[in-house]
Amino acid sequence: MLLLKTTANLLLINTMNIKEWAQDDRPREKMLAKGMDALSDAELIAILIGSGDRNKSAVELSKEILCRQENDLNKLGKVTVKELTNAHQGIGPAKAIAILAALELGKRRNQHEATRLFSVTSSRDVYRYFHPVLGDLKHEEFWVAYLNQSNKIILRKNVSKGGVSETAVDIRIILKDAIEHLASAIILCHNHPSGNNRPSTADDAFTKKVKEAARLMDIRVLDHLIVCDDCYFSYADEGKI
């Protein structure tokens with residue numbers, strides 16, 4: 001919040017557009033002068049929304065938005081346009097869409113970077129590869145990475161989408177794709193929207209069934225990862241595969 005000498009000036013600054021602020025207080029000018037790294041998350045969001053409302057500047061409103069999501073951009077990326085507009089006076093559909101579109105671009109950039117990670121050497125590599133796809137979801141999805149003999153990923157495919165707590169997967173589809181793409185190995189991966197990365201009894205049973213079926217076709221199951229927003233479980237690391 002800007003410090004001004006009078007109440008009248010305080011009310012004036014809160015109704016100002018960003019371009020009307022003092023130059024040192026403008027996020028756009030600050031970015032041009034000092035670079036994007038110099039801006040806080042709130043200042044970046046303030047650039048997106050352009051203005052606040054009668055009671056808050058754009059930066060103050062952006063801080064309020066972040067505070068409501070515990071200053072976690074991942075959590076902010078999961079809210080809907082309706083949730084943003086209902087929760088914050090001064091945020092209409094256009095501003096909400098601008099914020100969520102920017103976060104989606106960041107997510108897609110991470111996905112693009114992940115697809116360049118072809119060679120798998122550890123469970124951390126697999127987590128980095130799948131987290132941009134699965135980390136923010138509110139429902140379960142099951143994905144499979146298909147690898148060649150050099151443990152390089154040749155295909156990543158979603159084989160099932162489910163509800164909040166489970167998803168149904170057809171082992172035949174997994175193995176059919178492995179055969180069609182001449183994969184030597186596969187890595188299973190699904191998310192737990194609850195944030196609990198521990199495998200269920202059903203997860204254990206399914207992993208065992210896939211491993212047994214794949215072995216008949218001389219296809220290795222290297223790992224099964226359960227991905228959460230900020231952590232993961234690796235069957236390989238835990239010696240369960």
Side-chain angles (χ1 to χ4, degrees), residues 1-4 7-32 35-114 130-141 158 161-165 167 191-196 227-231:
M1 183 174 178
L2 303 178
L3 297 178
L4 302 177
T7 302
N9 282 339
L10 180 60
L11 292 173
L12 176 62
I13 193 64
N14 281 338
T15 59
M16 282 183 179
N17 219 309
I18 284 181
K19 64 184 180 182
E20 298 174 293
W21 298 3
Q23 187 161 341
D24 290 343
D25 299 317
R26 300 178 195 171
R28 295 190 189 99
E29 281 72 9
K30 182 177 178 180
M31 184 182 75
L32 290 173
M36 287 187 290
D37 290 345
L39 271 64
S40 67
D41 291 345
E43 288 172 324
L44 290 171
I45 294 175
I47 290 175
L48 292 171
I49 64 177
S51 63
D53 60 19
R54 174 169 292 186
N55 299 311
K56 300 182 184 71
S57 68
V59 173
E60 288 175 317
L61 183 54
S62 299
K63 288 180 178 178
E64 177 187 288
I65 292 169
L66 287 169
C67 183
R68 192 174 187 88
Q69 303 303 325
E70 299 178 348
N71 292 309
D72 188 331
L73 291 176
N74 286 327
K75 290 184 178 180
L76 180 58
K78 296 177 183 179
V79 303
T80 65
V81 170
K82 185 176 181 180
E83 287 170 341
L84 269 179
T85 56
N86 287 345
H88 302 282
Q89 184 178 355
I91 296 294
K95 290 180 178 180
I97 289 169
I99 293 170
L100 298 182
L103 291 169
E104 177 64 19
L105 276 175
K107 177 181 176 181
R108 293 186 185 187
R109 179 185 178 186
N110 288 337
Q111 289 178 4
H112 177 72
E113 290 297 317
F130 278 108
H131 181 265
V133 178
L134 295 170
D136 290 343
L137 297 182
K138 295 182 179 180
H139 61 276
E140 278 201 11
E141 291 191 0
N158 173 228
K161 293 183 180 181
V164 174
S165 61
T167 181
N191 63 314
H192 279 181
S194 66
N196 178 8
V227 172
C228 296
D229 194 17
D230 56 359
C231 61

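At least one side-chain heavy atom of Arg68 sits less than 4.5 Å from a side-chain heavy atom of His88. Contact of the Ile45 side chain with the Leu76 side chain is registered, since non-hydrogen atoms from C-beta on lie closer than 4.5 Å. Residues Pro193 and Leu137 are not in side-chain contact: their nearest non-hydrogen atoms beyond the backbone lie 4.5 Å or more apart. At a threshold of 4.5 Å between non-hydrogen side-chain atoms, the residues Lys63 and Ser40 do not count as touching. Within the 4.5 Å cutoff, no side-chain heavy atoms of Thr80 are placed close to those of Leu84. Counting only heavy atoms from C-beta outward, the side chains of Leu103 and Asn74 never approach each other to under 4.5 Å.
Not a single donor-acceptor pair under 3.5 Å links the side chain of Lys95 to the backbone N or O of Thr85. Using modelled atom types, no side-chain atom of Asn191 and backbone atom of Cys228 make a donor-acceptor pair closer than 3.5 Å. A donor-acceptor pair is defined here as one N or O able to donate and one able to accept, closer than 3.5 Å; such a pair exists between the side chain of Ser62 and the backbone of Ala46. In this structure, the side chain of Gln69 does not engage the main chain of Leu66 through any donor-acceptor pair within 3.5 Å.
Taking a 6.0 Å sphere around CD of Gln89, one finds it holds 12 or fewer heavy atoms contributed by other residues, nucleotides or ligands.
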Residues Val133, Asn158; criterion side-chain contact (heavy atoms from CB on, under 4.5 Å); working and verdict: CA-CA 10 Å; Val133 178; Asn158 173 228; over 6 Å; no
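Ile47 pairs with exactly one of Lys30, Met36, Arg28 by the side-chain contact (heavy atoms from CB on, under 4.5 Å) rule, that one being Arg28.
Using a 4.0 Å cut-off between charged nitrogen and carboxylate oxygen, Lys75 and Asp229 do not count as a salt-bridge pair.
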